[in-house]
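Structure record follows, encoded as C-alpha cells.
Start at 1 with the first residue, then count along the sequence.
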Amino acid sequence: MHNDNIPESLEAMCKFSEAYAKRTGTFFCVDMSVTAVVIEGLAKHKDNYGAPLCPCRHYDDKLKEVANTYWNCPCVPMRERRECHCMLFLPAKNDFAGDNQSMDITFLINSIK
C-alpha cells in the first residue's frame, strides 16, 4: 500500500532493492545510510530519465546511458558477476556487507532529508 508521504518512485526502488537482494542472496551495506543514498539516486534517475540508472557513476549523457541499458540497475556487472559498484548488493563475504536485505522506509526517508 502506497503512503502518500513517500514518493512513489522511492517506494518502488526500495521494494525492488529488497526483492533483488533476496533473490540474489546479496546484502545491503552495513552502513544503511549508503543504501539509502543509492536507493534515492535510483529513484531520482527513474523519475528524471525513465530508468534506474546507477547513481554512482559519472555520465556525459544520462539519456544515452539509459537507452544503452548497461548501467540500468541491476547493471550488467551485477547481473553477470555479482559486482555492484554502488555497494547496494553485496555478497555476504564482502567486508562491507551487513545482514540486512530490507530497508526501513522511515529510515530511508529520514536519511535523505
Side-chain angles (χ1 to χ4, degrees):
M1 177 141 185
H2 177 68
N3 180 333
D4 289 334
N5 297 325
I6 301 168
E8 191 172 329
S9 60
L10 189 63
E11 188 174 29
M13 286 297 95
C14 186
K15 287 180 181 179
F16 156 76
S17 298
E18 291 174 336
Y20 192 77
K22 290 173 185 165
R23 187 168 66 245
T24 60
T26 56
F27 296 88
F28 296 147
C29 183
V30 67
D31 180 348
M32 290 298 283
S33 65
V34 169
T35 304
V37 168
V38 174
I39 291 172
E40 176 192 27
L42 292 171
K44 284 182 177 181
H45 282 163
K46 187 159 178 56
D47 285 343
N48 294 335
Y49 305 106
L53 185 65
C54 171
C56 301
R57 306 189 77 76
H58 169 76
Y59 309 98
D60 290 328
D61 184 340
K62 289 183 181 180
L63 287 174
K64 183 178 176 183
E65 292 297 337
V66 164
N68 186 33
T69 72
Y70 187 90
W71 292 114
N72 293 346
C73 189
C75 64
V76 171
M78 180 61 204
R79 290 190 311 256
E80 291 182 354
R81 299 181 303 276
R82 298 287 190 256
E83 295 173 2
C84 181
H85 176 78
C86 294
M87 295 178 53
L88 180 58
F89 304 115
L90 299 169
K93 66 182 181 190
N94 186 291
D95 290 341
F96 296 102
D99 57 5
N100 287 314
Q101 292 177 312
S102 62
M103 165 63 80
D104 181 313
I105 196 76
T106 304
F107 177 84
L108 176 59
I109 295 296
N110 291 332
S111 293
I112 60 176
K113 284 185 180 177

Any non-hydrogen side-chain atom of D95 less than 4.5 Å from a side-chain atom of K93?
no
Do any pairs count as a side chain to side chain donor-acceptor pair (under 3.5 Å) and have a residue in residues 27-40, sequence neighbours left out, and if so which ones?
D31-S33, E40-K44
Which residues, ordered by chain and number, are linked to Y70 in its hydrophobic cluster, where ILVMFWY side chains connect at heavy-atom gaps below 4.5 Å, directly or through other members?
Y49, L53, Y59, L63, V66, W71, V76
In Å and rounded to the nearest 0.5 Å, what is the OG to CE distance from S17 to M103?
8.0 Å
Going by side-chain hydrogen bond (donor to acceptor under 3.5 Å, both in side chains), name the residues that satisfy it together with T24, two or more places apart in sequence or in a different chain.
T26
Is the closest side-chain heavy-atom distance between P55 and H45 below 4.5 Å?
yes
For A92 against F27, the heavy-atom pair lying closest together:
CB-CE1, 3.8 Å
If you link I, L, V, M, F, W and Y whenever their side-chain heavy atoms are under 4.5 Å apart, who else ends up in the same group as V30?
none
To the nearest 0.5 Å, what is the distance between NE2 on H58 and CD on E65?
9.5 Å
Which atom pair, heavy atoms only, marks the closest approach of C14 to I39?
N-CG2, 3.8 Å
So, taking the atom named CZ in F16 and the one named CG in L42, what distance separates them when rounded to the nearest 0.5 Å?
7.5 Å
How would you list all residue pairs meeting side chain to side chain donor-acceptor pair (under 3.5 Å) that involve residues 74-84, not counting sequence neighbours?
R81-E83
Side-chain heavy atoms nearer than 4.5 Å, only ILVMFWY residues, links allowed to pass through others: does that put I105 and V37 together?
no
Search all heavy atoms of K64 against all heavy atoms of D61 and return the closest pair with its distance.
N-OD1, 3.0 Å
Let me confirm one number: the NE2-SG distance from H85 to C56, rounded to the nearest 0.5 Å.
5.5 Å
To check you understand the geometry: which heavy-atom pair defines the closest contact between V34 and C86, and what is its length?
CG1-O, 4.1 Å
Starting at CG of L90, measure out to CZ of F28 and round the result to the nearest 0.5 Å.
10.0 Å
Are C73 and F89 side-chain neighbours, meaning at least one heavy-atom pair lies under 4.5 Å?
yes
Please report the interatomic distance CE(M13) to CD(E18), rounded to the nearest 0.5 Å.
11.5 Å
For the student: nearest non-hydrogen atoms of S9 and D47, plus distance
OG-OD2, 2.8 Å
Indicate the atoms forming the closest heavy-atom contact of I112 with A36, along with that distance.
CG2-O, 3.9 Å
Partners of D99 by side-chain hydrogen bond (donor to acceptor under 3.5 Å, both in side chains), sequence neighbours excluded?
none
